[in-house]
> 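Here it is, the structure in full.
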Amino acid sequence: MTATPPLPEYLSRLNPEQRAAVETLDGPLLVLAGAGTGKTRVLTTRFAHLLMTGRAQPHQVLAVTFTNKAAREMRERVGAILQRPVEGLWLGTFHALAARMLRRHAELVGLRPDFTILDTDDQTRLLKQVMDAAGVDLKRWPPAGLMGVIQRWKDRGLAPGKIPVAESSDYANNRAEALYASYQARLAALNACDFGDLLLHVTEILRNHPEVLERYHRLFRYILVDEYQDTNLVQYMWLRLLAQGHRNICCVGDDDQSIYSWRGAEIENILRFEKDFPGAVIVRLESNYRSTRPILAAASHLISRNQGRLGKTLRAGRRDADGEQVCIVSLWDSEEEARSVGERIEQAQRKGTSLSEIAILVRAGFQTRSFEERLITLGIPYRVFGGAKFYERQEIRDAIAYFRATVSASDDLAFERIVNVPKRGLGDTALTSLHVAAREQGVPLRIAAERMVEGGALRPKPRAALRELLEGMARWREAMEREGHVVVAARLLEESGYTEMWKNDRSAEAPGRLDNLKELLRAMADFPDMAAFLEHIALVMENDDKAEGEKVSLMTLHAAKGLEFDMVFLPGWEEGLFPSQRSLDEGGAKSLEEERRLAYVGITRARKCCVISHAANRRIYGNWTSSIPSRFLDELPEGEVTREGAERRPIPVPSSVFGGGPLLGTRRPRLIEAGAWEVESRPTPEIAVGSRVFHQKFGYGTVTASEEGRLDIEFEKAGTKRVMAGFVELVH
DNA sequence: GTCCAAACGGTTTTT
DNA sequence: CCGTTTGGAC
């Protein structure tokens, strides 16, 4: 009699469907993981299981995610199951993995292995130069528009010269494809590529070089893909090429949470899985351990209205599954809505809910403002997610451009960015002659600049300034090897006058920018040298959300995907705003389904309490505009939701937020029933005339007058403003 | 070359 | 309404 081997602990913690997803190792597998059904657990356990059973060595598994955060989490959790750190993994984002492959085979697409990866800002500047050189009227045809067209082509795996008629663009009088070709030529000349190129080039290589493809087939026995519903066509093609080897591809995703079509994601990839990979097994994860039954009922009912879906139903898996119903609140205007949310937050706080368990999720970024203002008045700490990323900030980009230009003589884009920052009197005239010289001699800008300084070109003043910069760069580059990149980087920022520039800036952001520069230097210390640091920074956009302190989270629905909170507010459910009119105009019925998925994502973020609201009147771009409740409110199951406040449909002809234009003008509509709302203003701290204060938006200033909670303040940067006392804080 | 006022445009976002 | 970009004046 043979004894059944004991079930490993990591498998015993899974429910049957999760176990099936982990233990179905051979052949293509699609795991349809509904919200809150333990998707990450399945993915990481499967990975660990492959290693534990000896099916694969760590380097024989290709594991792909969309974000660095997800990659990091997977690495940590796999390590935790194995109880040791795992090394040598092919685990990372699509872009990081593609970059790693591309560096190995760069020459096959005409690049050197040390190619630079450009970010959005560099991309647009480069394209603008290309368009300008081609004589395109940049006013009529903004470069950002063409950038979008090119990106979509890249998302679909289309190189210049291979654009089918159906996918062509009439941008800039049908010159889009030619401009695309010139742009790619410029990139090649700079030994650079943009984010889209990483996958485009690699896919090209795998397609055209069977020996390379075969090498990866031998290497990767198993492929794991996270968030498959968000893949675009080129990512799909890359995966399919790699999966042709062993056919052991496991994709995890949720068609109901596909919300990124506007940046190239194709929900069809996941819908088509069985066709693409014949014999595929599909496992559905439907037991939700996150939310209460009423919340799941509301979400399920809503999403069932979508046509294009594979279909699955969320079951409440929690023991305490019963809970309060989803609450729909009808309000008069956006200000009342903000007050209502504020009150409910205070109530919850009194009952002991932690602020970090509360989130306000909006459709569009501008909606956060009214809530911020309200929370400031109430003195409730909050955090807005997803503003400018650390690495996208001006000061960080400037500093990196300095490093890049110093290290690499051929990095024209970096050189151009910092050559006159801080202002050293090098304007258009000087730059143009620099460009001309560089092109004539066929050398990078910095070399051309060196020659111009030597040769005595330019006027004395700019020449002296340029000489100083070039000498500095030579000095820093030389010192970098001897003294270490961090020390030299710090000195570079000082000696170039860059930190000085921000020290002299009186604006409210300046001190923060100096802090960010320090933070950048600190982060640099984790890397052996400047080159390693620059590679990291190009691909890893850290979203510096250090969750310090108890704060209410304010973010867009998109940013909330993958997160969960005890209490979730979903304001602004009005036609035109959500579903967004613009989205509907562009994509019709398909877009409506995506908006509905967004609503589904929103509701399923809530563990215990979900409050949805809509306002009859809202101020948008300064005009008071009326709107009718969102159709999504009608799609929630009656009997499973509670409705509060009379639904007040506006009396005048309803106008959609973005479509109909202003109907009510700048006057705020009066509430019909008087006294339905009271403005309870919170006692404001006494702020005396002459006090020094800080305001979130205007920065530092001095109070010149004070009456009834309103202060006149002379701001150092923003001038004189009248603001509510609640919006400023005293500075000693 | 720099600075300020008018003009413009204003979902969603990761790498 | 309000932040960003641009074009014209010094």
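Since this is a predicted model, take the numbers as computed values, not measurements.
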> If you find the nucleotide of DNA chain B closest to Q151(A) and the one closest to G425(A), which residue's nucleotide is nearer the 5' end?
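The 5'-side residue here is G425(A).
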> Output all residues satisfying side chain to side chain contact (heavy atoms under 4.5 Å, CB included) with S591(A), sequence neighbours left out; order by chain, then residue number.
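So S591(A) forms a side chain to side chain contact (heavy atoms under 4.5 Å, CB included) with S583(A).
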> Distance check, P atoms only: dT11(B) and dT4(C), in whole angstrom units.
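Here dT11(B) and dT4(C) have their P atoms 15 Å from each other.
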> Considering residues at least two apart in sequence or located in another chain, which fulfil the ring-ring contact (aromatic ring centres under 6.0 Å, His included) criterion with F565(A)?
none
> Given atom CG of D119(A) and atom P of dT15(B), what is their separation to the nearest angstrom?
13 Å
> So, using side chain to side chain contact (heavy atoms under 4.5 Å, CB included) as the criterion, who are the partners of P462(A) when residues are at least two apart?
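Applying side chain to side chain contact (heavy atoms under 4.5 Å, CB included) to P462(A) gives L426(A), R459(A).
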> Which nucleotide wins on minimum distance to the side chain of H558(A), given the candidates dT12(B), dC1(C), dC2(C)?
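The closest nucleotide is dT12(B).
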> Can you name the closest pair of heavy atoms from E593(A) and G308(A) and give their distance?
OE1-N, 3.2 Å
> Could you tell me the separation between the CE atom of M147(A) and the P atom of dT14(B), rounded to a whole number of Å?
18 Å
> Could you work out which one of dC1(C), dT11(B), dT13(B) sits closest to the side chain of S583(A)?
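Nearest nucleotide to the side chain: dT11(B).
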> Hey, is the side chain of Y260(A) poking within less than 4.0 Å of OP1 or OP2 on dT15(B), counting only N and O atoms?
no
> What is the separation between atom NZ on K69(A) and atom P on dT14(B), rounded to the nearest whole Å?
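Rounded to the whole Å, the gap is 11 Å.
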> Are the ring of F366(A) and the six-membered base ring of dG10(B) within the stacking cut-offs of under 5.5 Å and under 30°?
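Answer is no, no stack.
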> Hey, is the side chain of R263(A) poking within less than 4.0 Å of OP1 or OP2 on dT13(B), counting only N and O atoms?
no
> Among the nucleotides dT15(B), dT13(B), dG1(B), which one has an atom lying closest to any side-chain atom of T429(A)?
dG1(B)
> May I ask you to say what T556(A) touches in the nucleic acid, namely base, sugar-phosphate or nothing, with a heavy-atom cut-off under 4.0 Å?
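If one applies the 4.0 Å heavy-atom cut-off, T556(A) turns out to touch the sugar-phosphate alone, with no base involved.
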> Rounded off to whole Å, could you give me the CG-to-C1' distance for the D155(A) and dT15(B) pair?
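Distance, rounded to whole Å: 11 Å.
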> Figure out the CG/P separation between L539(A) and dT13(B), and round it to whole Å.
21 Å
> Contact class for G365(A) vs. all strands (heavy atom < 4.0 Å): base, sugar-phosphate, or nothing?
sugar-phosphate
> NA contact type, E595(A), heavy-atom cut-off 4.0 Å: base, sugar-phosphate, or nothing?
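Here E595(A) touches the bases of the nucleic acid.
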> Would you indicate which nucleotide in dC3(B), dT13(B), dT15(B) comes nearest to any side-chain atom of N68(A)?
dT15(B)
> For N420(A), which contact category applies under a 4.0 Å heavy-atom criterion: base, sugar-phosphate, or nothing?
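Contact class for N420(A): sugar-phosphate only.
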> Report yes if the ring of W262(A) lies under 5.5 Å from the six-membered base ring of dT12(B) with planes under 30°, and no otherwise.
yes
> Both A364(A) and A430(A) contact DNA chain B. Taking the nearest nucleotide for each, which residue is further toward the 5' end?
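Counting from the 5' end, the first nearest nucleotide belongs to A430(A).
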> Less than 3.5 Å apart, any donor N or O on the side chain of D226(A) or T65(A) sitting next to an acceptor on the other?
no
> Any chance the side chains of D194(A) and Q151(A) put a donor and an acceptor closer than 3.5 Å?
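Not at all, the side chains of D194(A) and Q151(A) share no donor-acceptor pair under 3.5 Å.
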> Specify the glycosidic conformation (syn or anti) of dT11(B), with syn defined as within 90° of 0.
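Base orientation: syn.
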> Between D132(A) (CG) and dT6(C) (P), how many Å, whole number?
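Whole-Å distance recorded here is 12 Å.
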> Can you identify which nucleotide, out of dT14(B), dT13(B), dT11(B), has its nearest atom closest to the T67(A) side chain?
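The answer is dT14(B).
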> Looking only at the side chain of Y621(A) (C-beta and beyond, no hydrogens), which of the listed nucleotides dT2(B), dT11(B), dT15(B) gets closest?
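My answer, after comparing the listed nucleotides, is dT11(B).
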> Report the residues that fulfil ring-ring contact (aromatic ring centres under 6.0 Å, His included) with F94(A), sequence neighbours left out, ordered by chain and then residue number.
F66(A), W238(A)
> Tell me whether F195(A) is stacked on the nucleobase of dT15(B), counting only the six-membered base ring and applying the 5.5 Å and 30° thresholds.
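Here F195(A) meets both the 5.5 Å and the 30° conditions.
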> Are K39(A) and E227(A) ion-paired here, with the side-chain N under 4.0 Å from a carboxylate O?
yes
> Can you name the side chain to side chain contact (heavy atoms under 4.5 Å, CB included) partners of M501(A), sequence neighbours left out?
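For M501(A) the side chain to side chain contact (heavy atoms under 4.5 Å, CB included) partners, ignoring immediate neighbours, are V421(A), P422(A), Y498(A).
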> dT15(B) P sits how many Å from H536(A) NE2, rounded?
11 Å
> Of all the nucleotides listed (dT11(B), dT2(B), dT15(B)), which has the minimum atom distance to the side chain of R363(A)?
dT11(B)
> Applying side chain to side chain contact (heavy atoms under 4.5 Å, CB included), name anything that partners A99(A), two or more places apart in sequence or on another chain.
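For A99(A) the side chain to side chain contact (heavy atoms under 4.5 Å, CB included) partners, ignoring immediate neighbours, are I117(A), L198(A), L539(A).
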> When you compare the protein's N or O atoms with those of nucleotides 7-10 of chain C, which come within less than 3.5 Å of each other, and at what distance?
| residue | atom | partner | partner atom | Å |
| --- | --- | --- | --- | --- |
| dG7(C) | OP1 | K139(A) | NZ | 3.0 |

> Just wondering, are more than 12 heavy atoms of other shown residues or ligands nearer than 6.0 Å to CD in E564(A)?
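Counting other residues, nucleotides and ligands, CD of E564(A) exceeds 12 neighbours.
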> Once you round it to whole Å, what is the distance between P of dG10(B) and CD of Q581(A)?
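About 15 Å, once rounded to whole Å.
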> Starting at the 5' end of DNA chain B, what dot-bracket string do you get if Watson-Crick and G-U pairs under 3.5 Å are bracketed, crossing pairs use [ ], other-strand pairs use | and unpaired bases use dots?
||||||||||.....
> Only distances under 3.5 Å count here; give the side-chain donor-acceptor pairs of residues 259-266 of chain A to other protein atoms, sequence neighbours excluded, each with its distance to 0.1 Å.
| residue | atom | partner | partner atom | Å |
| --- | --- | --- | --- | --- |
| Y260(A) | OH | H558(A) | O | 3.4 |
| S261(A) | OG | E594(A) | OE1 | 2.9 |
| S261(A) | OG | E594(A) | OE2 | 3.2 |
| W262(A) | NE1 | I259(A) | O | 3.0 |
| W262(A) | NE1 | H558(A) | NE2 | 3.4 |
| E266(A) | OE2 | R156(A) | NH1 | 2.4 |

> Report which part of the nucleic acid L426(A) touches: base, sugar-phosphate, or nothing (heavy-atom distance under 4.0 Å, all strands).
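Sugar-phosphate contact only - L426(A) comes under 4.0 Å of backbone atoms but never of a base.
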